[in-house]
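See below for the structure under consideration.
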Amino acid sequence: MIHYEQYLKEKLIPEDALQKRIAELGAEISRDYADSTNLLLICILRGGVMFLTDLMRHITVPHAIDFMAVSSYGAGNRESQGAVYIKMDLMTDIGGRDVLIVEDIVDSGYTLSSVLQLLSTRKPASINICTLLDKEERRKVEVPIKYTGFVIPNKFVFGYGLDLDELFRNLPFIGVVDLDKYDVQKP
Ligand code: IMP
Ligand code: MG
């Protein structure tokens with residue numbers, strides 16, 4: 001059986017640091033949206049799931065959740081190519097809602113800038129982004145991020161929602177992939 005430790009170079013963000021920061025983000029969001037009556041958290045599948053479920057426990061403002069899945073055109077390696085298309089759309093009409101997008105990681109920025117553009121056409125009352133991780137130095141297009149958990153270096157990471165070929169999303173920490181032992185370009 002394969003074990004994540006084979007591919008783990010280092011633990012980048014341990015569980016307690018993640019949970020502490022997520023509690024802070026939840027408190028900040030709760031303050032900012034204290035007057036909102038129709039907050040909707042939108043989780044980008046699948047990487048954002050762990051973050052969403054932990055984050056929402058710290059959001060004291062009543063809110064709904066919904067999910068969408070997107071994919072890059074020309075996906076096959078792990079680098080975004082530009083525009084994205086919707087693989088699974090929301091079930092909620094976001095018109096007039098206060099929307100907060102919850103994402104695992106912003107890398108080039110292509111994914112979130114497309115999602116933001118697309119959802120804006122549906123006329124939400126407001127739309128903001130909350131990302132757990134930000135690989136700032138990799139940005140190709142600007143994305144207005146309102147809430148950031150951690151700015152991280154340009155390393156391929158996994159765990160806590162992020163996968164290695166669909167595995168290991170369940171790990172409670174963020175780890176760096178050992179590229180000598182795992183080929184991340186493999187489709
Ligand atoms: P962007 O469109 O380049 O900003 O890419 C964002 C998406 O790329 C994320 O939602 C992730 O699915 C994926 N991604 C980027 N970096 C990593 C990483 O280090 N580990 C796992 N997935 C990543
Ligand atoms: Mg993602």
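Just follow the structure's listing: the first ligand is 1, and inside any ligand the first atom is 1. Here, residue 1 is the first one in the sequence, and each next residue gets the next number.
- Atoms of ligand 1 found under 4.0 Å from any heavy atom of L162 (numbered from 1 in listed order, with element): 20 (N), 21 (C), 22 (N).
- The distance from ligand 1 to the heavy atoms of D104 drops below 4.0 Å at these ligand atoms: 9 (C), 10 (O).
- Using a cut-off of 4.0 Å between Lys/Arg side-chain N and Asp/Glu carboxylate O, R122 and D89 are scored as salt-bridged.
- With C130 as the fixed residue, the side-chain contact (heavy atoms from CB on, under 4.5 Å) test singles out one of I101, I29, I42: I29.
- The heavy atom nearest to atom 1 (P) of ligand 1, considering only S108, S72, G48, is found in S108.
- Note on E24 versus R21: salt bridge recorded, some NZ/NE/NH1/NH2 to OD/OE distance being below 4.0 Å.
- Numbered from 1 in the order shown, with element, the atoms of ligand 1 that lie under 4.0 Å from a heavy atom of K135 read 16 (N), 17 (C), 18 (C), 19 (O).
- Contact between F158 and ligand 1 is absent, with no heavy atom of the residue lying under 4.0 Å from the ligand.
- What you find for V151 and E136 is that their closest heavy atoms are CG1-OE1, 3.9 Å.
- The ligand atoms of ligand 1 that sit less than 4.0 angstrom from a heavy atom of K155 are 19 (O).
- Considering only residues two or more places apart in sequence or on other chains, D134 meets the salt bridge (Lys or Arg N to Asp or Glu O under 4.0 Å) condition with R139.
- Considering only non-hydrogen atoms, atom 20 (N) of ligand 1 lies nearest to V157 out of D163, V106, V143, V157.
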Worksheet entry | Worked verdict on Y4 versus F173 for ring pair (Phe, Tyr, Trp, His ring centres under 6.0 Å) | CA-CA 12 Å; Y4 75 84; F173 58 84; 5.6 Å; yes

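- By the 4.0 Å heavy-atom criterion, G109 is counted among the residues contacting ligand 1.
- Contact annotation: E103 has at least one heavy atom less than 4.0 Å from an atom of ligand 1.
- Contacts of D66 classified as side chain to side chain donor-acceptor pair (under 3.5 Å), with partners at least two apart in sequence or in another chain: T92.
- Closest to atom 23 (C) of ligand 1 by heavy atom, among V84, I105, V70, is I105.
- For ligand 1, the atoms closer than 4.0 angstrom to any heavy atom of T111 are 1 (P), 2 (O), 5 (O), 6 (C).
- A donor-acceptor pair under 3.5 Å is absent between the side-chain atoms of Q19 and the main chain of D16, judged by distance alone.
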